[in-house]
There are 2 protein chains.
Amino acid sequence: MATLSRKQREIRDRERLILDVARRLLLDKGYLGLSMDRIAAEIEYSKGTVYQHFRCKEDLLTALAIQTKLKRVELFERAVTFDGRPRERMTAIGAADEIFARRYPDYIATEEVLYVQSIACKASESNQEAMQAVDGRCVAAVCGTIKGGIEAGDLEIPPPRQASEIAFGIWGMTFGSRIVGKTPTCMDQLGITDATTSLRRMQQAYLDGWNWRPLSHEWDYDSTRDRILGEVFADERAAITV
Amino acid sequence: MATLSRKQREIRDRERLILDVARRLLLDKGYLGLSMDRIAAEIEYSKGTVYQHFRCKEDLLTALAIQTKLKRVELFERAVTFDGRPRERMTAIGAADEIFARRYPDYIATEEVLYVQSIACKASESNQEAMQAVDGRCVAAVCGTIKGGIEAGDLEIPPPRQASEIAFGIWGMTFGSRIVGKTPTCMDQLGITDATTSLRRMQQAYLDGWNWRPLSHEWDYDSTRDRILGEVFADERAAITV
DNA sequence: CCAATTTTTGACCAACCGTCAAAAAATAAT
DNA sequence: ATTATTTTTTGACGGTTGGTCAAAAATTGG
């Protein structure tokens with residue numbers, strides 16, 4: 001049966017409600033401010049009901065992360081449809097990630113907590129697998145683009161280097177810069193005001209370092225970016241040009 | 001008076017003991033397993049006494065981070081004494097950080113927690129300032145080396161780029177890769193087995209990307225690294241070649 | 001030896017996560 | 001419509017946090 005019973009619909013809606021409330025709390029009050037009691041109070045159900053949806057707090061957080069990672073991977077998979085040279089598609093992924101970071105600021109809060117504490121391992125099997133699957137799609141999009149660059153002859157990866165090493169670098173750099181960039185003291189020390197723009201330049205420098213052609217001084221990636229925002233992310237453009 | 005009273009010495013020793021126990025607990029059981037009660041039990045003093053040393057858990061964590069960041073900055077400041085071209089000194093800083101990460105694995109646990117949760121802001125003013133001061137020395141070592149490269153004519157930073165942007169990239173990349181590299185699922189997805197070596201190559205690629213001469217294909221930075229380990233970090237060599 | 005001061009203590013509080021028998025609601029059977 | 005059965009919801013409860021503070025213990029000074 002494709003249609004759900006009234007009860008099933010109720011449960012599904014309530015799960016959405018829980019996740020919505022949890023995300024807001026996480027963003028507002030941080031990881032420590034996110035309590036199961038508070039969620040229960042806000043949704044006006046008892047705590048036991050919340051625990052019927054998620055076996056523990058970590059499971060809830062993982063579900064939250066999956067929900068938002070899905071948003072990201074959708075943007076990534078849209079990005080790689082960009083019609084251009086592989087490195088332009090890589091730039092498109094960068095733009096996708098920037099849109100993602102702006103549109104879902106709560107994501108950073110979710111993901112970083114998940115990385116740091118050993119949270120994922122407490123989540124239910126199914127949620128762990130689901131999260132891995134989403135991450136896998138993300139990796140596939142990035143690594144696929146890198147391999148596209150190799151196949152097009154724009155990039156060489158002499159052993160023992162691997163295509164995934166480039167991806168690892170981009171991933172680490174992006175994730176790390178976002179966390180470091182959030183701490184004001186660090187930014188004061190460095191004197192950096194616009195972490196987003198800096199990250200963009202850093203990523204291009206990194207790809208130049210792997211000698212991924214066309215290099216940034218041979219090609220106008222700023223206008224590529226404009227095209228990307230116009231052609232692939234027209235609907236999201238507002239989010240990024242604020 | 002330079003000499004401390006017996007009592008003062010006792011207090012100082014106890015503080016060290018608390019930090020030692022706390023570090024061990026943090027490494028063993030993670031952030032959530034680190035409890036003030038447990039610390040009190042382990043040092044065989046009451047909880048109140050622990051709170052006489054640190055006004056709250058965050059203050060203790062910050063003190064822990066300072067202690068270890070000091071170890072790191074010492075290595076950094078030794079690294080920049082390496083006699084060679086600026087980019088070689090940059091490589092020396094990379095080696096210093098690698099030694100640091102291996103010798104003080106608990107540091108990662110401390111620092112990442114400090115970055116992620118809004119912990120630092122709850123610490124005492126004095127500890128906050130102390131931590132900023134240590135970070136400042138760290139930034140100074142890195143940015144100083146970058147500026148050395150510019151002065152030597154090995155590197156140009158056309159505006160609006162800044163010297164600190166390179167540092168920001170290295171920082172974010174190093175920090176981020178270490179966190180991502182710790183999660184086994186991510187590494188499985190990427191198929192990366194030796195994150196440390198990958199990070200090393202990533203850093204060199206990044207510096208190549210900024211066109212910091214001599215580029216990695218023009219110079220044998222592996223043997224530079226050997227010289228660094230022999231000349232500057234001879235005593236720490238064992239830690240890194242295990 | 002006793003009084004003044006400092007240090008240490010652990011009972012105590014509020015908030016947290018997670019459990020589970022009992023209550024309430026929904027469904028099925030008569 | 002009424003009763004029996006199943007499902008869902010509840011919130012009191014246990015155990016563990018971080019943090020406080022009056023009272024007890026130890027130290028110091030006279």
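In what follows, every heavy atom counts, from backbone to side chain, and hydrogens, waters and symmetry copies are set aside.
Contact annotation: B:Arg14 side-chain N/O to C:dT8 OP1/OP2 distance is under 4.0 Å. Between D:dG18 and B:Arg55, no contact under 4.0 Å exists linking OP1 or OP2 to a side-chain N or O. Residue B:Lys47 places no side-chain N or O under 4.0 Å from the OP1 or OP2 atom of C:dG10.
A:His53 places its NE2 atom 10 Å from the P atom of D:dT8, with the value rounded to the nearest Å. Following rounding to the nearest Å, B:Tyr45 (OH) and D:dA26 (P) show an atom-to-atom distance of 12 Å. At whole-Å resolution of the value, OH in A:Tyr31 and C1' in C:dC17 are 10 Å apart. If you take CD of A:Gln8 and P of C:dT27, they are 11 Å apart, rounded to a whole angstrom. When rounded to the nearest whole Å, the span between CD of B:Glu15 and P of C:dT8 equals 12 Å. Nucleotide C:dT7 holds its C1' atom 18 Å from the CZ atom of B:Arg12, rounded to whole Å. Residue A:Ile11 contributes atom CD1, which lies 16 Å from atom P of C:dA25 at whole-angstrom precision. When the C1' atom of C:dC17 is taken as reference, atom CZ of A:Arg38 falls 14 Å away, rounded to whole Å.
Here C:dT9 is the nucleotide among D:dG18, C:dC17, C:dT9 with the atom lying nearest to any side-chain atom of B:Thr49. Closest approach to the A:Gln52 side chain among D:dG19, C:dG18, D:dT9 is made by D:dT9 (side chain taken as heavy atoms from C-beta onward). The side chain of A:Asp37 has C:dC17 as its nearest neighbour among D:dT17, C:dC17, C:dG10. Set against C:dC17, C:dG18, D:dG11, the side chain of A:Ser35 has C:dC17 as its closest nucleotide. Distance from the side chain of B:Ser46 is smallest for C:dT9 among the nucleotides C:dT9, D:dG19, D:dT9.
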Q. Taking it one step at a time, do A:Arg178 and A:Glu112 satisfy salt bridge (Lys or Arg N to Asp or Glu O under 4.0 Å)?
A. CA-CA 10 Å; A:Arg178 267 209 196 109; A:Glu112 71 187 17; over 6 Å; no

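Taking the six-membered ring for Trp and thresholds of 30 and 60 degrees, A:Tyr115 and A:Trp171 have ring planes more than 60 degrees apart, a perpendicular arrangement.
Ion pair A:Glu74/A:Arg137 not flagged as a salt bridge, since none of the NZ, NE, NH1 or NH2 atoms sits closer than 4.0 Å to an Asp/Glu carboxylate oxygen.
Here B:Leu34 lies in heavy-atom contact (under 4.0 Å) with sugar-phosphate atoms only. Counting any heavy atom pair closer than 4.0 Å across all strands shown, A:Glu10 reaches no nucleic acid atom.
A:Ser35 places a side-chain N or O within donor-acceptor distance of the main-chain N or O of A:Arg38, the cut-off being under 3.5 Å.
Under the 3.5 Å distance criterion, with hydrogens and angles disregarded, no donor-acceptor pair is assigned to the side chains of B:Thr110 and B:Arg23.
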